[in-house]
Amino acid sequence: MTRTEERLRDALLTAASRVQDDALRPLAAPERRIPEHAPRAASRRRTWLPPLAAAASVALIAIAVVAVAGYLQHRNNAPAPTSPVAGPPRYYATLEGNNHTDLEEVVVRATATGAVVTRVPDPVSPLPRGTGTAAPPSSTATPNPNASLMQPLDIATTDDRTFYVVYGIQTVTGYGDLVIESFRLSNAGQPSPLIQVNGGQLSGQGTTRAGGSWVNPRIGGFAVSPDNGKIALALKASSSSTTSDEILVIDTRTGSHAVWRGGLDRPNAAFAILGLSWTSDGRSLAFLAQWCSPPQRAFSNTGSDVCGGATRSAQVRELDTTSAGGSLSSARLLLAQSARYPYIARALISPDGTSLTAILLSGPVPPGTGLGPNAPERLSVVRISVGTGTVTATFFQGVDPVSVWSTLTADSSGRYLMLTHTDVSLRPGDTRYAVGWIDAGHFRQLPLNPDGQPVAW
Amino acid sequence: MGPVSDGADVSASMISALFRQHHGDLVRLAVLLVGDQPTAEDVVQDVYASVHARWTKLPARDSGLSYVRAAVLNRCRSVLRRRGVASRVSLSFRAAEETLASAEHEAMLCEDRRRVLQALALLPCRRREVLVLRYYLDLSEAEIAEILGISPGTVKSTAARGLAALARALGEQS
C-alpha cells in the first residue's frame, strides 16, 4: 500500500468513526400512500397510453412552467421551501429547571438520544428597551444585582434550528413585561446569541388576575409562522387590560401589534384559548376555544387551562391575521365539540389548512386523581378533514387516566407529531409525562424523558 | 441485479430491518461523501423512505445491501450536484469546523487528515466514490463495479486516477 493509500484510509476511518450509532436520528417509516389491497398491475395493458401520456406531460410541463414563473413573481417574500427530507426534526427544545440555579432555562436536546445538545443561558434583565439589540448571555455578562429575573415561559420553533422564547421579567409581584427572543442552532447544535424580536417587547402583559396566591404568566399559547414573519400569543385575562383571553399577533417585520379579543364570551362560563398553530402561508392562525361552566379553573399553566370538574365545550377556529385585529368571533369555525367528538383536547391546523390534527378524548371517565379535572381516559390522535369533519387518519391510540394534560406539537411539515401524555405505568398522583413522537401508529418515547413542557420541535 | 418480478420474499419489515442493521454504516458512508453528518442522515432517511415506498420492485434479498449502498451514493451525488463544487468545498470545510468545535470529547482530526479529506472532496464524484468504497468499505473491484454499475476495469482505472490526483494534491509522488 502506498503512502497516499495509507493516509487516505486513515483519514476515512477517522472521519467515519466520529459518527456514533447511538446518536443518530432514528429512521422514520414513511406513510404508504398506496392502499394495501389496491389492485396492482391488474388492469389490462393499454398500448395507446404511453404516447397520450407523453403528449399530456409536455402540455403539463408547459403549464407548470408558466404557473411557477407567475407564482415566483408574486411571492418574493414566500418562506423558504421546507426540506424534502422525510425524517423527524433533529432537535427539540424544552424549558427545564437548572439544578444549580433552581431556575428554568431553555434546553435543546437531540431527538435520537434525548441528550442535552445545549443549554441557553437566560438573558440579563432588564433588556435595553426599544433598541432591538441582542442581549448577551448571562454567562458572559456582569450580573446586575438590581436587575429582576428573566424566566422563560414558552418556546416555539419554525423548524428544528430557529427557536423563539417568551421570557417574563419576574419581579417580586409577579411577571411584569414579556420579551420575545430568538436564537438559531448551527448544524453542530451550537446556539447563536439571543436576539430580541422586532416588536417583541410587551409591557405590562406578564401576569394574570392575582385572585389568590397564584400569579401565573399570561401565556396560553405561542406560535411562530413558518416564514418567521408573525408571532402569535394567546394572552390570558388580566385585571388591568382584559377580562377575557385574547390573541396578540406581532408582525416581526414592522414590529406592529394586532389584537383579537371578545366576541366569544359566554355567560357564566370561563373562556380560554388553548394552543395556536399557523398555516404555511402565515395568514391563518388556528386556536382551540374552550368554555368551562360554571367558571372554575382548577389549574392554569403554560399552554394548559383546564376545567375543574365543570362542564366543558370547545371549538377549533381559524383567524385571518391579515386584518388589523378585531373580535375573536370573526374567526371561522372549523370544528365544534359534538356527540362524535365529545372532548377535543388539542388541535393543530395542517400547513395547507385542509385538515386538523387533534387529540380527542372519549370513553369512560376515570375517578378523580386530585390532579385536576375528570376527563375521558381514551386518548386518540387523529386527522380530521376540515371540509367534511370526518376522521381521515388515526395516528395513535392509548389510555391515559389524566389525558387532559396531554399536549401536541407538530414539526414544520406537520408530518411529525410530538405528544406528551401521562405515563400510565406510574402511580396515580405522579404527574411525570411521557414525551415522544408518533411514528406509524407507535409512540416513540424519548430516551431521556424531560419532565418539562412545553416542547418545541 | 435485476428486479424481482413479484417481490414475494421482500417485505417492508425486511427493508426496515436491513436499514436498522446498517443505519450507522450507511450514514458513515454518506458522511465521507457529503462532508457533514446532518446531511448524511438526511440522505439515508431519504433513501429509506424511497426504498420503503417501492419495496416490491427491489432486487433480490442477497444483494439488498449493495442496492441500498448504490442508492445512498446516488443520493449523495444529487446533494453535491445541488451544492455545486465551490459551495461543496466551502460547506465541507465549515461542517468540519463545526463538528470539531462541538466534539470536545472526541479526538480532533489532525491537520494531515483534514488535508486528505479536503483533497478528496475536490475530486470528481466518481473517483471519490470509488476511493471511499475501496479504502473505507474495503470492497473488491467487482463489488464496487456492481454498486456503481460500471465494469471492474473502469473501477481499477478510476481508482488509479483518483489516487494519482490525490497524491498530486497532497504533494506526494504516486
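If you're wondering where the values come from, they're calculated on a predicted model, not measured in any experiment. Here is the naming used below: chain letters follow the sequence lines, and residue numbers restart at 1 for every chain.
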- With a 4.5 angstrom heavy-atom cut-off, could you sort out which part of B:L170 is near chain A: side chain, backbone, both or neither?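 Contact with chain A: backbone and side chain both.
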- Query: Taking everything shown except A:R161 itself, do over 12 heavy atoms lie less than 6.0 Å from its CZ?
  - Reply: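 Yes, the 6.0 Å shell around CZ holds more than 12 heavy atoms from other groups.
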- Query: For A:D21 and B:G24, which heavy atoms make the closest approach, and how far apart are they?
  - Reply: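 Looking at all heavy atoms of both residues, the closest pair is OD1-CA, 3.3 Å.
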- Shortest non-hydrogen separation from B:A167 to A:T4 and the atoms involved: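 Smallest interatomic distance, heavy atoms only, reads CB-OG1, 3.5 Å.
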Roughly how far, to the nearest 0.5 Å, is [atom2] of [Y] from [atom1] of [X]?
X: B:L131; Y: A:L12; atom1: CG; atom2: CG; answer: 8.0 Å
X: B:Q37; Y: A:Q20; atom1: CD; atom2: CD; answer: 8.5 Å
X: B:D112; Y: A:R7; atom1: CG; atom2: CZ; answer: 4.0 Å

- Can you tell which part of A:R3 gets under 4.5 Å to a heavy atom of chain B, answering side chain, backbone, both or neither?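 Both backbone and side chain.
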- Message: Which one wins on heavy-atom pair count under 4.5 Å against chain B: A:L13, A:V117, A:T118, A:D10?
- Response: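 The residue among A:L13, A:V117, A:T118, A:D10 with the greatest pair count is A:D10.
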- Message: Check whether B:R28 reaches the backbone of A:V19 with its side chain - one donor and one acceptor, N or O, closer than 3.5 Å.
- Response: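 Yes: the side chain of B:R28 pairs with the backbone of A:V19.
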